[in-house]
A.B. asks: 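Take a look at the following structure, please.
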There are 2 protein chains.
Amino acid sequence: MSIQERKARDASRMRERIFKATLDLFAKGGYPAVTMRAIAQAIEYSPGTIYRYFRDKNEILRELCFRGFEMLLAIQAELSDLADPLERLRQAGRRYISFAQQHPDLYAIMFTIGGLMKKDPGAVEDRPPLTAYHNLESAVAACLDARGWPVAEVPRVALALWSQWHGLAMLLVKDQLAGPIEPLQACVHQAADLTLAALSGDPGHRVSPLAGPLSAALLPP
Amino acid sequence: MSIQERKARDASRMRERIFKATLDLFAKGGYPAVTMRAIAQAIEYSPGTIYRYFRDKNEILRELCFRGFEMLLAIQAELSDLADPLERLRQAGRRYISFAQQHPDLYAIMFTIGGLMKKDPGAVEDRPPLTAYHNLESAVAACLDARGWPVAEVPRVALALWSQWHGLAMLLVKDQLAGPIEPLQACVHQAADLTLAALSGDPGHRVSPLAGPLSAALLPP
DNA sequence: ATGAAAAGTAAACGTTGTTCAGTAAAAAAG
DNA sequence: CTTTTTTACTGAACAACGTTTACTTTTCAT
């Protein structure tokens with residue numbers, strides 16, 4: 001049985017090689033640079049060979065998206081030592097948006113492929129996108145719990161927060177705020193902070209963040 | 001000078017014809033159905049002819065996006081007779097998301113093209129995307145004004161609201177909420193209502209909307 | 001060593017957006 | 001009215017894309 005094992009090992013090595021090449025191309029030239037022929041050239045194989053390890057291009061990109069969500073998971077993990085659950089949520093949003101800005105093409109494709117949340121019957125373990133969302137829900141639950149609010153609100157609040165972060169990220173990534181919103185970075189973070197403050201019941205959320213303590217935290221740590 | 005006028009008229013008629021064909025194809029088969037050859041066949045001309053009236057495909061799609069923003073403007077206009085500014089904002093968000101759901105491919109492309117907000121020096125009149133955003137800012141201003149809050153907050157609140165609507169719309173359109181959020185429609189609208197209530201300073205926003213008056217308005221009017 | 005199965009290649013297929021030499025029609029010039 | 005020039009249009013071609021397929025090479029089992 002050693003021969004089959006070696007073959008499986010080789011195949012998975014090949015998959016990894018293809019995937020790494022895709023990652024490189026993506027990092028170097030963005031989405032347009034990722035073509036099957038370019039990948040083939042990078043791994044020094046013929047284009048047709050790729051189809052022996054991936055059904056089609058979309059499957060490679062799906063893998064890439066999962067990698068993106070794993071990066072988001074790593075970001076969430078870094079925040080686990082923050083004691084204050086509200087501050088943890090605030091930082092989560094901040095990091096989330098920063099991630100989108102640092103990997104715009106990756107972020108765009110992560111939410112362009114579609115259907116990444118659905119758990120396919122074949123996979124046993126939870127997929128990264130779902131895990132990331134559940135982590136967010138946990139953070140929200142901790143926050144609501146801390147102030148004695150009903151946990152039944154968790155799905156709504158989590159969706160409210162995530163959808164806004166996603167909206168801001170998308171608008172930033174697609175360069176849609178260039179015209180009317182100025183200064184860009186500050187407005188985006190302030191909008192996120194404002195909503196979080198409002199949702200958390202902070203009565204002072206009406207006061208301009210520019211005059212409050214929030215102004216000191218405009219730059220990500 | 002009559003001859004040049006007629007030519008200009010013909011040209012603009014041709015542009016309109018091309019654009020209408022694009023619209024039809026888009027409505028019938030979504031974005032993948034919109035190819036230069038398909039447009040050419042629809043208007044009964046050679047593919048090359050299109051390039052005499054549009055620089056490239058992107059310019060046609062830009063036009064299509066502007067048309068989409070004009071639809072959004074029309075939706076905003078319908079809401080102008082609502083007396084309560086808060087209710088106006090609520091309905092604006094509801095309709096915005098409904099629009100995205102009714103024209104998913106159009107909405108997706110409206111925010112994929114990018115740079116639609118920037119006013120190019122050539123155009124005198126304001127472009128629809130900018131107008132739509134300014135309308136939103138006006139609605140927010142009216143709302144803040146009604147409760148004596150500082151108008152300096154308008155940009156932040158407007159961005160906070162719009163980005164969430166956009167985020168929800170994008171997640172819906174790209175079928176990204178299918179797995180974890182259930183029931184979908186209700187959660188989306190509740191998330192939007194929740195954020196608006198929180199931002200408006202409603203102290204009762206912590207109570208589940210399912211028990212409040214919001215549950216009666218789950219279906220768009 | 002021989003035959004079967006797997007891995008890899010080169011070329012081709014069917015798309016796509018876009019360009020371009022050539023042609024037909026229309027306007028301007030004589 | 002004829003000639004020239006400008007404009008409108010066509011059909012074929014180009015380059016690039018994802019993917020498939022017939023064929024060759026390598027590898028494994030008998």
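Sequence lines set the chain letters: A, B, ... in the order given, protein chains first and strands last, and positions in each chain run from 1.
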A.B. asks: Could you tell me the separation between the CD atom of B:E59 and the P atom of C:dT18, rounded to a whole number of Å?
C.D. replies: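 Those two atoms, CD and P, are 11 Å apart.
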A.B. asks: Do A:F111 and A:F69 make the cut of ring centroids closer than 6.0 angstrom?
C.D. replies: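 A:F111 vs A:F69: aromatic centres under 6.0 Å.
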A.B. asks: With the threshold set at under 4.0 Å for non-hydrogen atoms, list the residues of residues 30-55 of chain A touching DNA chain C in residue-number order.
C.D. replies: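 Residues of residues 30-55 of chain A under 4.0 Å from DNA chain C: A:R37, A:Y45, A:S46, A:G48, A:T49, A:R52, A:Y53.
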A.B. asks: Tell me the interatomic distance from A:N58, atom CG, to D:dT19, atom C1', rounded to whole angstroms.
C.D. replies: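 After rounding, the reported distance stands at 13 Å.
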A.B. asks: Taking B:D24 first and then B:K28, would you say they form a salt bridge - that is, a charged N and a carboxylate O separated by under 4.0 Å?
C.D. replies: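 B:K28 and B:D24: not salt-bridged.
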A.B. asks: Please identify which of these residues, B:Q102, B:Q101, B:H166, meets the side-chain hydrogen bond (donor to acceptor under 3.5 Å, both in side chains) condition with B:Y107.
C.D. replies: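 Option passing the side-chain hydrogen bond (donor to acceptor under 3.5 Å, both in side chains) with B:Y107: B:H166.
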A.B. asks: Minimum heavy-atom separation for B:A21 and B:A42, please, with both atom names.
C.D. replies: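 Distance-wise, the nearest heavy atoms are CB-CB, 3.9 Å.
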A.B. asks: Between the side chains of B:R94 and B:D193, is the shortest nitrogen-to-carboxylate-oxygen separation below 4.0 Å, so that they form an ion pair?
C.D. replies: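 Yes, charged N to carboxylate O under 4.0 Å.
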